[in-house]
2 protein chains.
Amino acid sequence: MTSQKALSTTESGRKVKLTQDEQVYAHIFDAILEQRLAPGTKLNEESLGEIFGVSRTIIRRALSRLGHEQVVVLRPNRGAVVASPTTEEAKQIVYARRIVEKAVTELVIEHSTPEQLRLLRKQVQEEQQCFVQGDKGAGIRLSGEFHLKMAEMANNPPLLSFQRSLVSQCSLIIAQFELSNQSHCSYDEHFELIDAIERKDKDKAVSLMMHHLDHIEDKLNLDEEPASDNLREVFSNVLGNKS
Amino acid sequence: MTSQKALSTTESGRKVKLTQDEQVYAHIFDAILEQRLAPGTKLNEESLGEIFGVSRTIIRRALSRLGHEQVVVLRPNRGAVVASPTTEEAKQIVYARRIVEKAVTELVIEHSTPEQLRLLRKQVQEEQQCFVQGDKGAGIRLSGEFHLKMAEMANNPPLLSFQRSLVSQCSLIIAQFELSNQSHCSYDEHFELIDAIERKDKDKAVSLMMHHLDHIEDKLNLDEEPASDNLREVFSNVLGNKS
DNA sequence: ATATTCTTTAGTGTGTACAATAATGGGCGC
DNA sequence: GCGCCCATTATTGTACACACTAAAGAATAT
């Protein structure tokens with residue numbers, strides 16, 4: 001190993017240093033956000049180490065961080081798996097997001113500069129592009145990053161870090177509960193939201209944000225539990241015939 | 001090492017398993033909450049390892065978790081120190097807590113059972129006892145745990161984990177900004193709050209909670225920056241004479 | 001045949017050695 | 001004497017080896 005750090009480029013073009021575990025963390029995080037890693041997937045430390053060319057020590061740090069953000073579940077002596085929230089947990093997560101998003105929206109209206117809003121709008125255009133071009137994975141990730149950008153603009157680091165955890169968990173929820181043929185089209189609502197923020201129309205902005213979350217929650221009520229490891233439930237119809 | 005786990009006793013008397021790093025984490029966490037560890041204190045991995053009789057591996061995990069909760073700051077290649085929030089950061093933390101505490105209070109009114117409230121009241125009595133007996137450290141910790149208990153009763157794990165991070169950071173803030181001769185007497189307000197919750201008086205409960213936070217924030221406006229490592233500011237009077 | 005226990009094995013948990021880094025103090029030229 | 005550079009040292013970062021755990025399959029007794 002020649003160096004502990006590597007150079008990476010942010011969207012602003014500035015070079016920033018990333019430690020190895022941050023890189024691994026980011027890769028796994030993105031894979032989950034882009035739904036390339038399905039809920040319930042086992043995350044084997046040794047395999048991941050080979051994939052990323054680092055020792056288990058680094059993988060462990062990354063998994064530990066993901067664990068703390070509740071994006072993966074760390075089961076003692078039994079390894080890590082991508083979290084698969086139940087409907088109950090999903091509702092709690094969406095509830096928490098409601099609270100955070102309301103505060104974030106209000107803060108953004110108070111604090112954001114026109115330049116920041118311009119960049120935000122540009123990002124939503126990228127998001128739109130992805131969906132149009134059929135790159136659903138990147139689209140979902142950018143959709144999440146819209147909300148992270150908002151939290152950044154709110155200028156409140158503790159809220160941002162909480163939002164980070166909530167957004168990634170929401171992505172998992174969408175991965176589990178969303179009907180595959182049902183498209184997101186979140187970018188429409190994102191554009192509307194930016195418009196309301198520019199007009200400093202707090203009520204409209206907050207209500208748009210709440211609608212946004214309603215859409216997620218609606219799906220939770222429609223579908224029952226997700227396709228899961230609960231065999232008894234999966235074959236309840238058969239059991240019903242027999243008993 | 002004969003075993004990876006150890007037995008510990010919770011306040012409810014139930015035996016639970018704690019991994020080594022959880023124990024170390026809890027010890028450091030409590031030390032910070034009880035203000036036995038001052039903001040800015042360097043946390044040397046090897047020293048801590050000797051103190052707790054474990055290897056740096058375990059210490060590292062504990063520090064990493066504390067780092068994620070923003071209770072300690074992890075500076076790459078330069079080790080961990082107990083966080084010392086600026087007034088600016090302190091205000092952001094208190095703001096975040098306002099949002100969370102409001103939601104928690106409302107949820108507790110809706111969800112909590114009489115039995116839970118009885119236990120909560122009992123805990124505040126302990127807190128009172130500590131202050132009366134002059135054990136300020138334990139009092140401050142129990143004061144924090146009151147708010148954690150509330151978040152637990154709100155029955156929303158994501159909110160609880162965020163609250164955990166916020167409460168410990170608030171404890172740091174109090175450690176830095178509070179005038180030493182000024183007593184807390186938080187237990188009075190805690191009793192009032194429980195009363196309001198029992199009456200299901202949402203408005204009163206929320207407003208009590210907000211007042212509680214006002215008290216912290218007031219101090220931030222009174223004192224300027226805390227006694228800190230910023231030498232330029234500490235000697236600004238001298239500089240003023242010279243220039 | 002079934003249940004129980006033992007054995008095996010894959011994989012996680014921890015300690016430790018070594019590498020890389022940043023801070024400190026001494027040496028050197030000016 | 002003053003400032004710069006290099007060596008030294010203390011401390012963190014990483015890899016790896018071994019210890020421990022738990023799950024799966026084989027062997028045995030009932």
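Quick caveat: nothing in here was measured; it's all calculated off a predicted structure. Every chain is numbered from 1 and lettered A, B, ... according to where its sequence line falls, protein lines coming before strand lines.
Ranked by how close their nearest DNA chain C nucleotide is to the 5' end, R78(A) and I58(B) are led by R78(A).
Checking the phosphate oxygens (OP1, OP2) of dT14(C), no side-chain nitrogen or oxygen of T57(B) falls inside 4.0 Å. Contact check, Q20(A) against dG13(D): no side-chain N or O comes under 4.0 Å of OP1 or OP2. In terms of phosphate contacts, K42(B) brings a side-chain nitrogen or oxygen within less than 4.0 Å of OP1 or OP2 of dT12(D).
A donor-acceptor pair under 3.5 Å is absent between the side-chain atoms of S143(B) and the main chain of G139(B), judged by distance alone.
In this structure, E46(A) atom CD and dA15(D) atom C1' are separated by 13 Å, rounded to whole Å. In this entry the distance linking CD of E45(B) with P of dG15(C) reads 14 Å, nearest Å. Going from atom CG of N44(B) over to atom C1' of dA10(D) covers 9 Å, rounded to whole Å. Rounded to whole Å, atom P of dT14(D) lies 15 Å from atom CZ of F52(A). Taking atom CD on E50(A) and atom P on dC16(D), their separation rounds to 12 Å, with Å as the unit. Rounded to whole angstrom, the span from the CG atom of L63(B) across to the C1' atom of dT11(D) amounts to 13 Å. Nucleotide dT14(D) holds its C1' atom 10 Å from the CG atom of D21(A), rounded to whole Å.
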Discussion item. If you apply the rule side-chain contact (heavy atoms from CB on, under 4.5 Å), what do you find for Q92(B) with E88(B), and how did you get there?
Written reply: CA-CA 7 Å; Q92(B) 292 165 343; E88(B) 184 65 20; 3.9 Å; yes
* To do: Could you please spell out the steps behind the salt bridge (Lys or Arg N to Asp or Glu O under 4.0 Å) verdict for R56(B) and E46(B)?
  => CA-CA 6 Å; R56(B) 280 178 51 215; E46(B) 202 168 344; over 6 Å; no
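R56(A) comes within contact range of at least one nucleobase, with a heavy-atom separation under 4.0 Å.
Q70(A) and S168(A) share no side-chain donor-acceptor pair at under 3.5 Å.
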